[in-house]
Amino acid sequence: MERKEHERKKNKTGIIAVSFILLMAAAFLLRPSKAEEEIVPEYVFSYAENQAQDYPTTLGAMKFAEMVEERTQGRIRILVYAEGSKGAEAEVIRQMKFGGVDFARVSLSQLAEYIPEMNVLQMPYLYTDSEHMWRVLDGEIGVSFLSLADEYDLVGLSWYDAGARNFYTANRPVTCLEDIEGMRIRVQESEMMADMVEALGANAVKIAYADVYSGIERGLVDGAENNWPSYESMKHDEVARYYTVDEHTRVPEMQICSGKTWEKLSGEDRDIILECARESALYERALWKEREDASKQTAILHGVTVIELSAEEKKRFQTAVQSVYEKYCGDQMEIIARIIDEGQDAPK
Ligand code: GCU
């Protein structure tokens, strides 16, 4: 009897032990793989972008975020807030001064409101073409202007492309200087852009990017000015059916980081961020070329009228804006001369 009881106990212990081993083995086999393990990032940063999800600058931002996360083994995660969900550009830049937003891609026009020396790089009819602008931005001048951002407690990371800007109007086409005279034209919240439009004889109305469509639709303005992708992406082609190609400005975009955020990072992380920013810029620039063309074709398909200014007429536009150079570049004429020089070096 006692022996039977002993046997029973022994068997029970055996079953428990085997079950335990099986359980442990199952747990081991079913454990999450390294890739599935939730990596808790050391930093989660925000990145503000005012364009749509499929826009070249947004795709560039996503690429940047992805590369940073990968190269820091998940220690730094960057969340991209597109479609202006962090606010209008002017507000984003203001917030960045205090570290309210960590990263952003902004138009130089907007940045120049805080760092006026930046205006030199977006002067009207300054670059002969895209290659000319990139020779300047990829060279010494571009590097020194990136570092100018520290004047506003920002770190300039890289340059993104935004092509050339042109006028577009709702009710009447602009074919010559006289046509634009007296028109109300939307400009960015930029003093220089307002002065440029006024020098052409129009009235400048400052409106944030997100409100341009309704501004034109409601007749608050007669037109606006922007590159092909913005015109098409924001559906401005629905309300402004005349697009006049005069390429009055090439306004590059800058990828920036808040100085407050930068202070938190180690030297190694800063290098990774700079490297990823530059690589993402090359990616964005390639996407830009395709999108510029595609947007133009889409707008034409939508039936907009494209007006090409004659060389003679363009010269009149150029002459009309000379006063803006005097006002904004008085003490920077040497840099202007260097930029113009770069254009003349163009390989034929
Ligand atoms: C471009 C630029 C935007 C800017 C906009 C504007 O689309 O990419 O960042 O806000 O111009 O005209 O306001």
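Since the model is a prediction, treat every value here as computed from it, not as a measurement. Just so you know, ligand 1 is whichever comes first in the structure, and atom 1 is the first atom listed for that ligand.
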*Other than Ile307, what residues sit in its cluster of Ile, Leu, Val, Met, Phe, Trp and Tyr side chains whose heavy atoms are under 4.5 Å apart, directly or through others?*
Tyr242
Sidechain-backbone polar pair: [X] side chain, [Y] backbone, donor-acceptor under 3.5 Å:
{"X": "Ser280", "Y": "Lys63", "answer": "no"}
{"X": "Tyr325", "Y": "Pro124", "answer": "yes"}
{"X": "Asp179", "Y": "Cys176", "answer": "yes"}
{"X": "Arg77", "Y": "Pro41", "answer": "no"}

Within the protein, flag every N or O under 3.5 Å from an N or O of ligand 1, and note the pair and distance.
unit_1   : atom_1 : unit_2 : atom_2 : d
ligand 1 : 7 (O)  : Gln51  : NE2    : 2.9
ligand 1 : 7 (O)  : Ser230 : OG     : 2.6
ligand 1 : 8 (O)  : Gln51  : NE2    : 2.9
ligand 1 : 8 (O)  : Arg105 : NH1    : 3.4
ligand 1 : 8 (O)  : Glu253 : OE2    : 2.6
ligand 1 : 9 (O)  : Asn50  : OD1    : 3.4
ligand 1 : 9 (O)  : Glu89  : OE2    : 2.6
ligand 1 : 9 (O)  : Arg105 : NH1    : 2.8
ligand 1 : 9 (O)  : Arg105 : NH2    : 3.4
ligand 1 : 10 (O) : Asn50  : ND2    : 2.9
ligand 1 : 10 (O) : Glu89  : OE1    : 3.2
ligand 1 : 11 (O) : Arg165 : NH1    : 3.1
ligand 1 : 11 (O) : Asn226 : ND2    : 3.3
ligand 1 : 12 (O) : Arg165 : NH2    : 2.9
ligand 1 : 12 (O) : Arg186 : NH1    : 2.8
ligand 1 : 12 (O) : Asn226 : ND2    : 3.1
ligand 1 : 13 (O) : Arg186 : NH2    : 2.9

_Test ring pair (Phe, Tyr, Trp, His ring centres under 6.0 Å) applied to Phe103 and Tyr43, Phe64, Tyr81, the passing residue_ = Phe64
